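Heads up, the thing below is written out as structure tokens.
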Protein chains: 2
Amino acid sequence: MSSFQQLFSSKRRPQVSCESCSLGRLCIPQGLSEQEVELVSRIVTINRTLGKGDYLYHSGEWFHRFLALKSGTVKLVTLDGAGNEYVVDFVMPGELLGFDGLSGERYTCSAIALETVSYCELPPHQLERLGREIPKLSQILLQLSGSQFQLGIQRVVLSRRQADERLAAFLAHLSERHRKRGFSPTEFRLSMTRQEIGNYLGLAPETVSRLMSQFEASGLIVVQGKMVRILDMDGLLRFCPQ
Amino acid sequence: MSSFQQLFSSKRRPQVSCESCSLGRLCIPQGLSEQEVELVSRIVTINRTLGKGDYLYHSGEWFHRFLALKSGTVKLVTLDGAGNEYVVDFVMPGELLGFDGLSGERYTCSAIALETVSYCELPPHQLERLGREIPKLSQILLQLSGSQFQLGIQRVVLSRRQADERLAAFLAHLSERHRKRGFSPTEFRLSMTRQEIGNYLGLAPETVSRLMSQFEASGLIVVQGKMVRILDMDGLLRFCPQ
DNA sequence: CGGTCCCTTGAGTGCAATCAAGTGGAGTGG
DNA sequence: CCACTCCACTTGATTGCACTCAAGGGACCG
């Protein structure tokens with residue numbers, strides 16, 4: 001079914017461009033002039049669609065494109081020699097995928113759709129070429145890459161904290177990202193399983209579940225399956241130092 | 001004493017350039033032509049020196065330069081609201097510092113010398129300007145930034161593993177980095193304390209100490225204070241999956 | 001020679017993992 | 001439409017790894 005979707009969208013290739021994309025202020029166009037965005041628009045392949053569980057790219061595959069997520073959520077995972085999966089990041093609309101291919105010639109992670117996703121493709125070589133004409137573009141790309149490093153630092157700090165602080169910070173971070181995208185920061189759906197949250201936070205899924213119940217008992221949140229409502233954001237933030 | 005060193009080196013500004021630097025193949029010059037390296041050389045301030053415990057830059061300071069480490073070791077640390085220190089990375093000669101300033105306008109980490117260090121300075125604005133003339137330079141910078149992301153992924157994987165595996169991987173990684181720099185991969189000095197190793201690995205210093213003794217008892221390594229000799233590299237690597 | 005800091009080793013504790021059982025909800029097929 | 005199945009989630013009981021607390025030893029520096 002999803003391969004059908006892919007085929008369908010490849011053929012259709014609707015002519016919507018970056019100028020009209022509502023995610024521009026989060027994505028590459030941030031800080032580019034209208035004219036420059038138009039140039040970027042030309043090298044972008046737009047509106048591909050994939051279903052839940054589909055791979056946007058595989059670890060080990062040649063790094064041949066950045067992806068700009070338009071809708072849906074993606075998990076970025078890497079594997080060790082024993083086949084264990086490690087969730088490296090969750091990616092939301094307006095964010096770029098592919099930084100794990102930047103240092104070598106191949107991706108080191110796999111990007112997997114957690115629900116139906118749509119995205120644009122940006123060939124790195126063309127981005128690079130365009131970067132010579134638009135210096136600001138190179139700068140933005142470097143800055144976005146720097147943000148990834150920054151996220152890594154945040155994770156280092158988080159990984160040293162107690163289980164409840166990690167989960168509270170995770171929920172607060174999700175809330176903030178929903179807010180930035182114009183969605184409710186207090187009520188949203190978790191697109192990932194408890195297992196995946198636990199993997200991401202370095203916790204057992206049972207621990208995640210227990211903490212959710214604990215937060216609910218404390219009156220901080222209400223949980224109903226994948227839906228979460230935050231009742232007491234301040235209380236949640238009190239768990240997160242910094 | 002160290003401020004004296006700094007003053008001294010600032011005045012002297014010896015005219016050694018990137019072309020003659022032995023660390024070129026690890027540092028920025030990798031993949032640049034002789035002519036291009038010459039251009040980079042011109043914007044580099046070379047051979048500053050600092051003593052143990054001195055700051056190369058402070059968290060919160062304006063991001064006004066990349067640093068290329070020439071000798072010595074540096075720890076990159078960040079602080080949380082409670083003043084807890086988190087060791088984000090250890091930096092060795094030939095590696096760049098300053099990626100933590102890339103995403104914003106200020107450094108988010110402090111860079112602290114673990115022993116006497118010497119380094120070069122590269123102003124980001126001039127690097128950026130030069131990047132327009134030398135596209136390869138922008139590419140290298142982006143690639144180096146990507147390597148930082150890659151290191152972050154490695155850490156994610158490592159942080160989920162047992163204490164002994166973390167320490168074994170740490171020692172193996174250090175060994176490899178010494179080898180790449182032409183030093184003995186089997187015998188080297190730890191420039192950081194057990195406390196700092198523990199902080200970096202997410203372990204208590206006592207645990208690091210205990211594991212060192214354990215590795216020694218197993219015949220994997222010999223430890224004498226800060227000196228480490230690796231007797232059985234394969235045995236050490238057997239701890240590290242992947 | 002004294003002081004300080006770092007390291008080592010021991011004893012006890014606690015937090016989160018593991019093991020195990022049971023519940024609930026979404027999707028499927030009869 | 002309902003029963004069935006599967007998978008995710010929840011909750012409980014137990015275990016174990018690494019932390020904390022504590023004390024002693026050793027190296028370096030003034």
Side-chain angles (χ1 to χ4, degrees), chain A residues 1-2 51-53 73 75 82 84-87 112 114-116 158-171 189-218 221-229 239, chain B residues 1-2 51-53 73 75 82 84-87 112 114-116 158-171 189-218 221-229 239:
Chain A
M1 173 209 175
S2 63
K52 181 174 175 176
T73 312
K75 69 170 174 178
N84 301 309
E85 190 173 289
Y86 299 87
V87 177
I112 306 174
L114 294 179
E115 54 207 338
T116 301
L158 211 58
S159 72
R160 311 271 168 80
R161 312 227 52 102
Q162 308 240 77
D164 51 3
E165 300 180 73
R166 292 187 221 177
L167 184 63
F170 175 74
L171 291 173
R189 188 177 161 279
L190 299 170
S191 4
M192 62 296 282
T193 65
R194 306 287 192 268
Q195 164 88 51
E196 288 161 339
I197 297 175
N199 188 314
Y200 177 70
L201 294 175
L203 299 171
E206 293 96 326
T207 305
V208 174
S209 189
R210 265 184 260 272
L211 289 171
M212 294 270 217
S213 305
Q214 187 185 308
F215 284 169
E216 189 161 27
S218 311
I221 61 176
V222 180
V223 186
Q224 272 194 328
K226 297 211 173 273
M227 288 304 299
V228 173
R229 188 198 309 196
F239 276 92
Chain B
M1 171 207 174
S2 62
K52 180 175 176 176
T73 312
K75 69 169 173 179
N84 301 308
E85 190 174 288
Y86 300 88
V87 177
I112 306 174
L114 294 180
E115 54 207 340
T116 301
L158 211 57
S159 73
R160 312 270 169 81
R161 313 228 51 104
Q162 309 239 78
D164 51 3
E165 301 179 73
R166 292 187 220 178
L167 185 62
F170 175 73
L171 291 174
R189 187 176 163 279
L190 300 170
S191 1
M192 61 297 282
T193 65
R194 306 288 192 267
Q195 164 85 52
E196 287 160 340
I197 296 175
N199 187 315
Y200 177 70
L201 294 175
L203 299 171
E206 294 95 328
T207 305
V208 174
S209 190
R210 266 183 260 272
L211 288 170
M212 293 270 217
S213 306
Q214 186 185 308
F215 284 170
E216 190 163 25
S218 310
I221 61 175
V222 179
V223 186
Q224 273 194 326
K226 296 211 172 273
M227 288 304 300
V228 174
R229 189 198 309 195
F239 277 92

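As the structure is a prediction and not an experimental result, all values here were calculated from the model. Within every chain, numbering begins at 1; the chains are lettered A, B, ... in the order of the sequence lines, protein sequences first and strands thereafter.
- Separating the CZ atom of Arg161(B) from the P atom of dC17(D) is a distance of 14 Å, rounded to the nearest angstrom.
- Distance CZ (Arg160(A)) to P (dA18(D)): 15 Å, rounded to an integer number of Å.
- Gly202(A) comes within contact range of the sugar-phosphate backbone alone, with a heavy-atom separation under 4.0 Å but no base atom that close.
- Here Thr207(A) reaches the OP1 or OP2 of dA17(C): one of its side-chain N or O atoms lies under 4.0 Å away.
- For Met227(B) and dC6(C), the CE to C1' distance is 17 Å, given to the nearest whole Å.
- Formation of a donor-acceptor pair under 3.5 Å by the Ser218(A) side chain with backbone atoms of Gln214(A) is found in this model.
- Out of dC9(D), dC7(C), dA18(D), the shortest distance to the side chain of Thr193(A) is found at dC9(D).
- Look at CD on Gln214(A): it is 12 Å from P on dT11(D), rounded to the nearest Å.
- Atom C1' of nucleotide dC7(C) and atom CG of Asn199(B) are separated by 17 Å, given to the nearest angstrom.
- Rounded to whole Å, the distance from CZ on Arg166(B) to P on dA18(D) is 7 Å.
- At a cut-off of 3.5 angstrom, the base of dT20(D) holds at least one donor-acceptor pair with the side chain of Arg210(B).
- Here dG14(C) presents its P atom at 16 Å from CG of Asp164(A), a figure rounded to the nearest Å.
- Closest non-hydrogen pair, Val87(A) versus Tyr200(A), comes out as O-CD1, 3.7 Å.
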* Stepwise side chain to side chain contact (heavy atoms under 4.5 Å, CB included) test for Glu216(A) and Val222(A) -> CA-CA 5 Å; Glu216(A) 189 161 27; Val222(A) 180; 3.7 Å; yes
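- Among the atoms of the strands shown, base atoms are found under 4.0 Å from some heavy atom of Ser209(A).
- Side-chain proximity of Leu203(B) to the nucleotides dA18(D), dA17(C), dT10(D) is greatest for dA18(D).
- Going from atom NZ of Lys226(B) over to atom C1' of dT8(C) covers 14 Å, rounded to whole Å.
- Counting any heavy atom pair closer than 4.0 Å across all strands shown, Gln162(A) reaches sugar-phosphate atoms only and no base atom.
- A donor and an acceptor atom never sit less than 3.5 Å apart when one is taken from the side chain of Glu196(B) and the other from the base of dC6(C).
- One distance of note links OG1 of Thr73(A) with CD of Glu115(A); it measures 4.0 Å at 0.5 Å rounding.
- Between Arg166(B) and Leu201(B), the shortest heavy-atom distance links the atoms NH1-O, 2.8 Å.
- If you check distances only, the side chain of Glu206(A) does reach the base of dC19(C) with a donor-acceptor pair under 3.5 Å.
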